[in-house]
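By convention in this document, chain letters (A, B, ...) are assigned in the order of the sequence lines, proteins followed by strands, and residues within each chain are numbered from 1.
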Amino acid sequence: MNDISAKIVSALKGVLKETYDLDAEAGILNIEIPKDPKMGDYSSTCAMRLAKTLHQNPKMIAETVAEGLKGKLPEAETIEIAGPGFINFRMKKSALASVINTILDAGDSYGRNNTGEGKRILVEWVSANPTGDLHCGHARNAAWGDSICRLLEASGYDVLREYYVNDAGNQIVMLGESLIARYFEYFGKEYPLPADGYHGQDVKDIAIGLAKQDGDKWLTADSKERLEYFMTEGKERELQKIDADLKLYGVLIESWVHETLFYENNRARINACLDRMNELNLTYEKDGALWFRSTEYGDDKDRVLVKSDGTLSYMTPDIANHVYKVERGYTHLVDLWGADHHSYVTRMKAALKALGYPEGTLEVDLIQMVRMVDDGVEVKMSKRTGNAITIRELCEDVGVDAARWFFVSKDVATHMDFDMKLARSRSNDNPVYYAQYAYTRMFNILHKEGTPEFRREADYDLLNEEHETEMLKLIAEFPKIVAESAKNRTPNRVCNFCQQLSREFHSYYNSCRVSDPENPELTNQRLGLVSAVMVTMKNALDLIGVSAPEKM
RNA sequence: GCGCCCGUGGCGCAAUUGGAUAGCGCAUCUGAUUCCGAAUCAGAAGGUUGUGGGUUCGAUUCCCGUCGGGCGCGCCA
């Protein structure tokens with residue numbers, strides 16, 4: 001909500017109270033920008049929304065409300081009724097332009113809002129097994145999650161960015177065995193490489209690194225001790241690479257929670273969960289295994305917690321993981337999982353519900369599959385390594401900005417083809433550059449030799465072009481867009497916003513000259529507008545992890 | 001078979017969360033640089049929102065059916 005629409009809302013609220021003795025809720029008073037600017041700058045649908053409760057024709061309500069608004073909204077130039085009961089407001093130019101100073105005062109923090117204040121939210125994402133490099137399937141997850149965190153932070157939430165490291169399962173044993181095999185190979189010795197082990201070049205490289213660092217002492221070492229060592233080293237080195245690749249990709253993780261944490265002290269945290277579940281009569285024994293009665297909480301079958309051989313199913317430590325999040329004071333949990341794990345959502349929600357946490361504690365965004373396509377052909381493997389294309393390769397190939405824009409601009413609920421040829425192209429086909437080019441154009445205007453220095457004004461009354469009005473309305477919407485994108489976790493809307501603002505600006509640039517020596521007054525006001533648009537654009541791009549270049 | 005997700009111009013995506021004549025890019029056609037960078041702009045053409053019903057002032061959006069595509073239905077992780 002910006003200053004202007006806030007004023008409209010409060011005026012409407014007052015009138016509804018006076019004439020109908022009605023305390024209208026926020027949803028009813030929602031202010032919109034009409035698609036067609038001819039309708040007005042802002043519009044309210046409250047008359048239509050109230051038709052039922054007031055038992056009146058929406059058009060009549062609209063007329064009554066418009067009548068009541070007379071003299072109460074000095075910022076409005078005209079208030080008109082249209083269609084089935086829209087109330088359309090055309091604002092005075094100076095009222096719309098007041099947002100310029102608001103933005104220039106706020107600077108980097110323009111767009112920040114307090115809609116999430118007091119809410120503690122833990123976002124867990126990426127969470128790939130530390131057994132290999134992150135590939136482009138993870139890249140969609142990583143970009144989306146990071147943008148969600150940026151949006152939540154900008155909206156005042158207390159956010160923790162977390163990565164869950166699956167380092168307790170059999171896959172780490174396989175990693176250790178695979179490394180040992182490659183280590184032996186380096187010294188020309190035989191050691192069986194497990195069939196379901198890791199055969200890629202990346203694992204080989206780690207083994208070679210260890211061989212160079214430690215020499216051949218592990219060839220003859222105690223086998224148990226050796227496996228322990230290669231597992232730990234392998235995991236650590238894989239995690240370092242993952243961390244480095246995420247940083248390269250502009251993704252920040254603050255907290256790494258290892259699955260092994262829950263196994264510490266004889267499974268202390270896991271057993272505490274299991275004890276709680278037993279006490280609540282949520283479990284039973286069958287065929288030598290311990291089961292969770294998840295069907296009583298909406299699942300289609302009961303799930304095994306402790307297998308008949310005494311080891312734990314994947315879910316069990318993960319329940320402890322989620323309990324641990326809540327224990328640290330996070331009341332809202334968000335997980336980003338691959339869509340192939342969708343059945344797991346019901347299971348985990350069931351567990352949390354059964355343990356007594358309120359409904360809605362956990363929300364899961366499922367990320368649909370990505371196909372990498374280059375020039376119309378699906379690319380399954382990287383030519384260089386024989387494995388899936390890694391995030392690092394993707395960044396080197398198409399650039400961080402293009403990669404992140406492409407992944408964030410499409411709703412993760414839809415299947416996606418990532419067009420590498422398009423992402424790579426430095427041409428007008430590529431939507432990233434459209435937005436970035438708008439930014440460099442603005443920068444150029446302001447920093448061109450001979451452009452006078454902008455002086456802040458009390459009133460910007462000369463900005464009468466239609467494009468100017470449209471841009472003012474758009475940049476005024478930005479904090480609302482940030483707030484809603486954070487709440488709904490839809491960073492793709494920020495991409496749309498960047499596109500829209502760029503389009504408006506490019507169009508303006510071609511129809512009006514900003515810097516006009518003949519008219520210093522108008523020039524100064526336009527410089528103010530361009531500065532404000534520039535601040536907004538930079539902040540918007542930052543939310544999706546895309547840079548705002550001054551030169552291209 | 002059951003469950004979850006997705007169907008919007010030729011292609012890729014939007015649509016202010018139920019609002020007005022469904023928008024944008026690519027591709028196609030026509031134009032625009034003596035002037036802040038043409039990685040740009042202006043215009044034309046292109047649609048029964050997969051399909052059939054329902055809910056209401058109003059549906060791309062919500063509900064039910066149906067068709068098509070993807071994914072999942074382990075004491076794997």
Side-chain angles (χ1 to χ4, degrees), chain A residues 27 30-36 38-39 43 45 47-49 51-52 57-59 82-86 88 129 131 166 168-172 196 259 286-291 299-301 303-315 318 338-346 366 368-369 371 409-417 419 422 425-434 436-438 440-442 444-451 477 480-481 484 487-488 490 492-493 495-497 499-500 502-503 505-516 523 526 530 551-552:
Chain A
N30 197 21
I31 298 295
E32 297 169 5
I33 295 183
K35 281 183 213 156
D36 185 352
K38 287 192 199 78
M39 299 295 187
S43 84
T45 56
M48 290 175 289
R49 291 175 199 276
K52 201 173 268 176
N57 180 315
K59 214 154 186 168
F86 289 94
N88 293 333
N129 287 347
T131 54
N166 290 122
N170 193 46
Q171 74 276 9
I172 299 295
D196 44 358
E259 189 183 358
K286 196 183 87 180
D287 305 330
L290 185 71
W291 295 72
D299 205 353
D300 27 339
K301 53 183 80 166
R303 304 293 172 178
V304 169
L305 293 168
V306 183
K307 296 187 261 181
S308 52
D309 68 357
T311 62
L312 305 173
S313 73
Y314 178 78
M315 176 168 70
D318 203 17
D340 51 341
H341 290 75
H342 67 77
S343 66
Y344 196 75
V345 177
T346 325
L366 292 174
Q368 289 290 343
M369 303 291 168
R371 291 198 321 155
S409 62
K410 290 169 185 66
D411 189 338
V412 286
T414 61
H415 310 242
M416 162 183 192
D417 282 352
D419 187 338
L422 177 59
S425 79
R426 310 214 139 243
S427 73
N428 54 357
D429 301 347
N430 193 332
V432 192
Y433 300 120
Y434 187 79
Q436 291 187 320
Y437 183 52
T440 60
R441 271 187 156 174
M442 294 181 231
N444 273 347
I445 292 173
L446 294 172
H447 294 88
K448 181 113 183 143
E449 248 190 63
T451 303
E477 284 299 288
K480 181 176 157 192
I481 294 199
E484 286 179 358
K487 181 164 173 277
N488 303 323
T490 49
N492 53 324
R493 268 195 73 186
C495 282
N496 292 340
F497 176 80
Q499 288 246 43
Q500 230 178 316
S502 315
R503 185 160 50 243
F505 175 76
H506 282 310
S507 189
Y508 174 57
Y509 182 92
N510 276 273
S511 68
C512 292
R513 214 185 147 76
V514 172
S515 196
D516 177 7
T523 296
R526 286 183 169 173
V530 171
K551 296 265 180 269
M552 287 174 73

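Residue A:Arg371 contributes atom CZ, which lies 15 Å from atom P of B:rG69 at whole-angstrom precision. Across the protein-nucleic acid pair, A:Tyr433 atom OH and B:rC26 atom C1' stand 17 Å apart, rounded to whole Å. Here the C1' atom of nucleotide B:rG43 and the NE2 atom of A:His506 are 19 Å apart, to the nearest Å. When the P atom of B:rG37 is taken as reference, atom CG of A:Leu446 falls 11 Å away, rounded to whole Å. In this entry the distance linking CD1 of A:Ile33 with C1' of B:rA20 reads 15 Å, nearest Å. One interatomic measurement links the two molecules: CZ of A:Phe86 to C1' of B:rG58, which rounds to 8 Å at whole-angstrom precision. Rounded to whole Å, atom C1' of B:rA15 lies 14 Å from atom CD of A:Gln499. In this structure, OH of A:Tyr344 is placed 22 Å from P of B:rC71, rounded to the nearest angstrom.
Residue A:Arg493 places its side chain closer to B:rA15 than to any other of B:rC57, B:rA15, B:rA39. Closest to the side chain of A:Arg503, out of B:rC24, B:rA77, B:rG70, is B:rC24.
A close approach under 4.0 Å does not occur between any side-chain nitrogen or oxygen of A:Lys52 and OP1 or OP2 of B:rG18. Between B:rA42 and A:Ser507, a contact under 4.0 Å exists linking OP1 or OP2 to a side-chain N or O. Regarding contacts with the backbone of B:rU17, every side-chain N or O of A:Lys487 stays at 4.0 angstrom or more from both OP1 and OP2. Taking side-chain N and O atoms only, A:Lys301 has no distance below 4.0 Å to OP1 or OP2 of B:rG3. Put simply, A:Lys551 has no side-chain N or O that comes within less than 4.0 Å of OP1 or OP2 on B:rG37. Between B:rA77 and A:Asn166, no contact under 4.0 Å exists linking OP1 or OP2 to a side-chain N or O.
For B:rG18 and B:rC6, the P atoms lie 15 Å apart once the distance is rounded to whole Å. Comparing the C1' positions of B:rU56 and B:rG1 gives a spacing of 37 Å, expressed to the nearest Å. Here the separation of B:rU61 from B:rG25, taken at their P atoms, is 25 Å to the nearest Å. Between B:rG19 and B:rU60, the two P atoms lie 11 Å apart (nearest whole Å). B:rU51 sits 16 Å from B:rA22 when the P atoms are compared, rounded to a whole Å. One P atom belongs to B:rA20, the other to B:rC13, and the distance between them is 24 Å to the nearest Å. Remark: the separation of the P atoms in B:rG23 and B:rA15 is 14 Å, to the nearest Å. Comparing B:rC73 with B:rG58, their P atoms sit 44 Å apart, to the nearest whole Å.
Residue A:Asp340 places no side-chain atom within donor-acceptor reach of the base of B:rA77, judged by atom type and a 3.5 Å distance cut-off alone. With hydrogens and angles ignored, a donor-acceptor pair closer than 3.5 Å exists between the side chain of A:His342 and the base of B:rG3. No N or O donor and acceptor, one from the side chain of A:Asn30 and one from the base of B:rU16, sit under 3.5 Å apart. Between the side chain of A:Ser313 and the base of B:rA77, no donor-acceptor pair of N or O atoms lies under 3.5 Å.
Between A:Asn510 and A:Met416, the residue anchored closer to the 5' end of RNA chain B is A:Met416, taking for each the nucleotide with the nearest heavy atom. Annotation: of the two residues near RNA chain B, A:Leu366 and A:Asp300, the 5′-most nearest-nucleotide partner is A:Leu366.
Base orientation for B:rU51: anti, the chi torsion being more than 90° from 0. An anti base is found at B:rU21: its glycosidic angle is more than 90° from 0.
No donor-acceptor pair under 3.5 Å is formed between the side chain of A:Asp36 and the backbone N or O of A:Met39.
Where RNA chain B pairs in unbroken runs of 3 or more (Watson-Crick or G-U, both distances under 3.5 Å), the stems are B:1-7 with B:67-73, B:10-13 with B:23-26, B:28-32 with B:40-44, B:50-54 with B:62-66.
Looking at A:Glu484 and A:Lys487, no side-chain N of the basic residue comes within less than 4.0 Å of a carboxylate O on the acidic one, giving no salt bridge.
Relative to the six-membered ring of A:Tyr509, A:Arg441 meets both conditions, a distance below 6.0 Å and an angle of at most 45° to the axis.
Across all strands shown, A:Ser343 has heavy atoms under 4.0 Å from sugar-phosphate atoms exclusively, and none from any base.
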